[in-house]
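The chain is numbered in sequence order, starting from 1. Numbering of ligands and ligand atoms starts at 1, following listing order.
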Amino acid sequence: MSRPTLTEHLIASDAPPALRLLIETVAQTCARIADAISQGALGGVLGDAGTGNVQGEQQKKLDVIANDMMLAANARNGTLRGMASEEMDDVSPLEASDAPYLLLFDPLDGSSNIDVNVSVGTIFSVLAAPRQPRAVTAEDFLQPGRDQVAAGYVVYGPATMLVLTCGRGVDGFTLDRHTGSWWLTQPGMTVPAQTREYAINASNARHWFDPVKRYVDDLLAGKTGPIGKDYNMRWVASMVADVHRIMSRGGVFMYPRDARDPDKPGKLRLMYEANPMAMLVEQAGGAAHDGTTRILDIAPTGIHQRVAVFLGSREEVERAAAYGSD
Ligand code: AHG
Ligand code: MN
Ligand code: MN
């Protein structure tokens, strides 16, 4: 078969050697995470870790396993000056050097689905490290999403897939579990501009602000409502799986800010979830905003900052934005 492997694809691209090595390391690590996930109860990987993270969430065993794998594998390849993760209180600086990159990740996205054998994922974002060869700090990671060098996710579904952008479009690779190779199976992924499918956790409806209520009411009204077409709804509760569906056939994904806790502007994390997904979706021709602002233009103020997210098919995301935020 003439399709390239991830390695061949990266060599043929103009990605610098250090970025190629970093992406290969992340991909190999995710293949090992896929293996751990696939063992399920046989591998003793299900259930709670008995610890909490900085987000105030209970950690699953696989949150911790995947985080440790990402840290260990990526610390040694000489491309990184530091890492930050949803599962770690503070950034993890590596030895001061001239290594060019910082890596941020959500090691296991969709943790609530682990124990029920539903798709989960890993999300990652690559930023440039400061030029001076000093130990990095949290401030060095606080770069707007538009400055990401690369971003991607791995979805551990019926097939394990890597979806990657280095800033020139989006490509999808499928893991051959027998050989450990990633093959380019979905080159040049694009998100259709229009859609008839939306994703939102409707059990939060009573907490939404009026513009989101009005928009979702109009989606529900279907053909006879003001939008004039019928919609279908899907919600996996793993952002990776929901975004992968949108990357594959279009749709709009929403996790709006709501009235519950004024200190939490949304549920999803800007640095580990919203920014990498926004880069992928934009690179595929879609759009991503927080209700008022393009996600990739938000100036981060903290590594664990949360943000409202509307992303997917461009025309539908623009329609949602036109309703206003709150
Ligand atoms: P994580 O497992 O990394 O904490 O992320 C879970 C996120 C995201 O994957 C998903 O879209 C959302 O939380 C689901 O939220 P609800 O449980 O409120 O549906
Ligand atoms: Mn997540
Ligand atoms: Mn997570």
> Hey, what do you get for CD (E87) to OH (Y272), rounding to the nearest 0.5 Å?
Replying inline: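 It comes to 9.5 Å.
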Using a strict 4.0 Å threshold on nitrogen-to-oxygen distance, state whether D109 and R269 make a salt bridge.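 Not counted as a salt bridge, because no side-chain N and carboxylate O are separated by less than 4.0 Å.
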Do NZ/NE/NH1/NH2 and the carboxylate oxygens of R146 and D297 come within less than 4.0 Å?
->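 Counted as a salt bridge, because a side-chain N and a carboxylate O are separated by less than 4.0 Å.
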According to a 4.5 Å side-chain heavy-atom criterion applied to Ile, Leu, Val, Met, Phe, Trp and Tyr, with indirect links allowed, do V26 and Y156 form part of one hydrophobic cluster?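 In one cluster with V26: Y156, yes.
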Indicate, with yes or no, if the rings of F124 and F105 have centres closer together than 6.0 Å.
->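 Centroid separation for F124 and F105: 6.0 Å or greater.
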**Item:** Pairs meeting criterion side-chain hydrogen bond (donor to acceptor under 3.5 Å, both in side chains) with involvement of residues 27-47, two or more places apart
**Value:**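 Residue pairs passing side-chain hydrogen bond (donor to acceptor under 3.5 Å, both in side chains), neighbours aside: S38-R177.
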Out of D176, T160, T174, which one pairs with W182 under the side chain to side chain contact (heavy atoms under 4.5 Å, CB included) rule?
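Exactly one pass, corresponding to T160.
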* Of the protein N/O/S atoms, how many lie under 2.8 Å from the Mn ion (ligand 2) ->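 Counting protein N, O and S atoms closer than 2.8 Å to the Mn ion (ligand 2) gives 3.
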Item to check | Pairing residues for F253 by the ring pair (Phe, Tyr, Trp, His ring centres under 6.0 Å) criterion, not counting sequence neighbours | outcome: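 Once residues adjacent in sequence are excluded, the partners of F253 under the ring pair (Phe, Tyr, Trp, His ring centres under 6.0 Å) criterion are W235.
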| query | What residues sit with at least one heavy atom under 4.0 Å from ligand 1? | reply |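 Under the 4.0 Å cut-off, ligand 1 touches E57, E86, D106, L108, D109, G110, S111, N201, W235, A237, S238, M239, F253, Y255, K267, L268, R269, E273.
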**Q.** Intermediate values then yes/no, salt bridge (Lys or Arg N to Asp or Glu O under 4.0 Å), K60 and D63
**A.** CA-CA 5 Å; K60 296 283 183 184; D63 288 322; over 6 Å; no
